[in-house]
Amino acid sequence: QVRVVESGGGLVQPGGSLTLSCVRSGFTLDSYAIAWFRRAPGKKLEGVSCIVTSDGETYYEDSVKGRFSASRDNAKNTVYLHMSSLKPEDTAVYYCAIGGDPSSCDSHAGADEYDTWGQGTQVTVSS
């Protein structure tokens, strides 16, 4: 059985920072693509970031480059999304998703390439 749990969402003021975590369990291989997606109100699901568990290679959507940073702690089976300089348009439900093909990050794969999803965590950026 495989499982993904996100946490760390909440309310933050514009310009503030927040860190999300994604804990996985039941995965037996060393190399996976772990992506962050988000769905803002009234908008389609959007890919935000991706990290490869084995070598730490990362990808970022243009809208978050320079503001968001993904990292991993494989000893804890955890991936983090560090968010800074947050904007109201970053408000969304953020999802962690894991795919079995590590090349999914390099290829900027869409949501259908990821097999296991967390429940989502709400991030609200507002004054």
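Values below: every heavy atom of this structure, side chains too, minus hydrogens, waters and symmetry copies.
In the hydrophobic clustering of this structure, Trp117 groups with Val93; members are Ile, Leu, Val, Met, Phe, Trp, Tyr whose side-chain heavy atoms approach within less than 4.5 Å, directly or through other members. Note on Tyr94: it does not cluster hydrophobically with Val23, by side-chain heavy-atom contacts below 4.5 Å among ILVMFWY residues. Hydrophobic clustering, with ILVMFWY side chains joined whenever heavy atoms are under 4.5 angstrom apart, groups Leu45 together with Tyr114. Cluster membership for Met83 and Val79, using ILVMFWY side-chain heavy atoms within less than 4.5 angstrom, is shared. When hydrophobic clusters are built by joining Ile, Leu, Val, Met, Phe, Trp and Tyr residues whose side-chain heavy atoms come closer than 4.5 Å, directly or via intermediates, Tyr59 is not grouped with Trp36.
When each of Ser49, Ser17, Ser71 is checked for a side chain to side chain donor-acceptor pair (under 3.5 Å) with His82, only Ser71 meets the rule.
Between Thr58 and Cys50 the shortest side-chain heavy-atom distance does not fall below 4.5 Å. The closest side-chain heavy-atom distance from Ile98 to Arg24 is below 4.5 Å. Looking only at side-chain heavy atoms (C-beta outward), Pro88 and Ser126 stay at 4.5 Å or farther from each other. Counting heavy atoms from C-beta outward, Ser25 and Arg3 have side chains that approach closer than 4.5 Å.
Looking only at distances, a side-chain donor or acceptor of Arg72 sits under 3.5 Å from a matching main-chain atom of Ser54. At least one donor-acceptor pair under 3.5 Å links the side chain of Arg67 to the backbone N or O of Ser85. Remark: side-chain polar atoms of Tyr60 are paired, donor with acceptor, to backbone N or O of Ala70 under 3.5 angstrom. No donor-acceptor pair under 3.5 Å is formed between the side chain of Ser104 and the backbone N or O of Ala33.
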Check your understanding: Please walk me through it: do Asp106 and Glu57 pass side-chain contact (heavy atoms from CB on, under 4.5 Å)?
Key -> CA-CA 8 Å; Asp106 190 40; Glu57 182 181 358; 3.5 Å; yes

Practice item. Dump the intermediate steps for side-chain contact (heavy atoms from CB on, under 4.5 Å) on Leu20 and Val123, then the final yes or no. Key: CA-CA 9 Å; Leu20 308 181; Val123 173; 4.0 Å; yes

Exercise for review: Report the C-alpha distance between Glu89 and Thr91 in whole Å, list the side-chain angles of each, state the deciding distance to 0.1 Å, and finish with yes or no for side-chain contact (heavy atoms from CB on, under 4.5 Å).
Suggested key: CA-CA 5 Å; Glu89 51 263 45; Thr91 295; over 6 Å; no

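Minimum interatomic distance between Tyr32 and Gly100 (heavy atoms only, all atoms of both residues): CD2-CA, 4.0 Å. The shortest non-hydrogen separation linking Val52 to Pro102 is CG2-O, 3.6 Å. Of all heavy-atom pairs spanning Val2 and Gly26, the tightest one is CG1-O, 3.3 Å. Contact between Glu6 and Gly120 at its shortest, heavy atoms only, is OE1-N, 2.9 Å. The heavy-atom pair separating Gln119 from Val4 by the smallest distance is OE1-O, 4.0 Å.
With respect to Lys87 and Asp90, no salt bridge is recorded, no charged nitrogen being found less than 4.0 Å from a carboxylate O.
Rounding to the nearest 0.5 Å places OG1 of Thr121 at 10.0 Å from OH of Tyr95. Atom OG of Ser63 sits about 4.5 Å away from atom CZ of Arg38, to the nearest 0.5 Å. Glu61 contributes atom CD, which lies 10.5 Å from atom CZ of Phe37 (distance to the nearest 0.5 angstrom). Taken to the nearest 0.5 Å, the CG atom of Leu11 stands 6.0 Å off from the OG1 atom of Thr124. Between the OG atom in Ser84 and the CZ atom in Phe68 there is a gap of 8.0 Å [rounded to 0.5 Å]. With rounding to the nearest 0.5 Å, the separation of OH in Tyr80 from SG in Cys22 is 10.5 Å.
Between Ser31 and Thr53, the side chains place no donor N or O within less than 3.5 Å of an acceptor N or O (distance only, hydrogens not considered).
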